[in-house]
Amino acid sequence: TSGQTLLIGDPLADPRLPTDTYAATFVRALAVAPMHANAALCAYWAKPGEPAARAVSVLETIARVAAAALDNARLIEGLEREAEQRVVHP
């Protein structure tokens with residue numbers, strides 16, 4: 001991915017997406033905000049058309065905060081494991 005938010009105003013007409021996946025759903029627009037190389041936060045709309053700039057901004061903010069929270073959780077988990085090893089094997 002480019003690291004930029006992907007905006008799709010009509011997933012049924014976008015050649016990058018499997019139309020079968022979206023045809024039977026309410027989804028007629030979507031935005032995908034990257035969090036990490038292998039994670040993203042998606043939002044869906046029932047009306048076709050590019051999502052509003054404000055909605056995209058909120059989605060991107062939530063994605064950044066969620067990515068930071070995941071990173072912090074991983075760091076804390078690693079520190080806890082390290083501390084546990086020091087207690088068990090001084």
Side-chain angles (χ1 to χ4, degrees):
T1 65
S2 66
Q4 294 183 333
T5 300
L6 177 63
L7 304 176
I8 299 176
D10 184 358
L12 301 179
D14 194 303
R16 297 171 292 180
L17 299 176
T19 56
D20 294 348
T21 302
Y22 294 98
T25 71
F26 75 92
V27 178
R28 294 298 172 259
L30 62 109
V32 182
M35 292 171 50
H36 290 291
N38 60 349
L41 184 63
C42 303
Y44 303 98
W45 287 264
K47 294 181 181 181
E50 192 166 291
R54 177 73 177 135
V56 173
S57 176
V58 169
L59 179 68
E60 290 171 336
T61 299
I62 294 169
R64 280 193 302 275
V65 170
L70 289 171
D71 287 344
N72 287 340
R74 286 186 192 108
L75 287 171
I76 290 169
E77 189 176 76
L79 290 171
E80 287 173 342
R81 264 195 312 263
E82 195 175 296
E84 185 178 297
Q85 289 174 351
R86 287 183 182 171
V87 170
V88 174
H89 306 289

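As a basis for the values below, the full set of heavy atoms in this structure was taken, side chains included, without hydrogen atoms, waters or symmetry mates. Since the model is a prediction, treat every value here as computed from it, not as a measurement.
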Student: Going by salt bridge (Lys or Arg N to Asp or Glu O under 4.0 Å), name the residues that satisfy it together with R54, two or more places apart in sequence or in a different chain.
Tutor: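 R54 satisfies salt bridge (Lys or Arg N to Asp or Glu O under 4.0 Å) with no residue once adjacent residues are dropped.
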Student: With side-chain hydrogen bond (donor to acceptor under 3.5 Å, both in side chains) as the rule and sequence neighbours excluded, what pairs involving residues 43-53 come up?
Tutor: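 Not a single pair qualifies under side-chain hydrogen bond (donor to acceptor under 3.5 Å, both in side chains).
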Student: Kindly compute the distance separating CG (L70) from CG (L75), expressed to the nearest 0.5 Å.
Tutor: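 One gets 11.0 Å once the value is rounded to the nearest 0.5 Å.
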Student: Looking at every heavy atom in both L59 and V32, which two are closest together, and how far apart are they?
Tutor: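 Closest approach of L59 to V32, heavy atoms only: CD2-N, 4.5 Å.
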Student: Specify the closest pair of heavy atoms between A63 and M35, including all atoms of both residues, with the distance to one decimal.
Tutor: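 Result for this residue pair: O-CG, 3.6 Å.
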Student: Just jot down the side chain to side chain donor-acceptor pair (under 3.5 Å) partners of R16, sequence neighbours excluded, or say none.
Tutor: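 Side chain to side chain donor-acceptor pair (under 3.5 Å) list for R16, sorted by chain: D14.
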Student: Taking C-beta and beyond as the side chain, do P34 and T5 meet within less than 4.5 Å on heavy atoms?
Tutor: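 SC-SC contact between P34 and T5 confirmed.
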Student: Going from OG1 on T25 to CG on L30, what distance comes out if it is rounded to the nearest 0.5 angstrom?
Tutor: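 That separation rounds to 9.5 Å.
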Student: Look at the side-chain heavy atoms of Ile, Leu, Val, Met, Phe, Trp and Tyr, link any pair under 4.5 Å apart, and say whether L7 and V58 land in one connected group.
Tutor: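 No; tracing contacts between hydrophobic side chains, which count when under 4.5 Å, never links both residues.
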Student: Between P11 and V27, what is the shortest heavy-atom contact and its length?
Tutor: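 Minimum heavy-atom separation between P11 and V27: CG-O, 3.8 Å.
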Student: Atom CZ of R28 and atom CG of L12: how far apart are they, to the nearest 0.5 Å?
Tutor: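 Between R28 CZ and L12 CG, I get 4.5 Å after rounding to 0.5 Å.
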Student: Nearest 0.5 angstrom please: L17 CG to I8 CD1, how far?
Tutor: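 Those atoms lie 4.0 Å apart.
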Student: Test your reading of the model: is there a side-chain donor-acceptor pair from T61 to the backbone of S57, 3.5 Å cut-off?
Tutor: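 Yes, the answer is positive, given that a donor and an acceptor are paired below the 3.5 Å cut-off.
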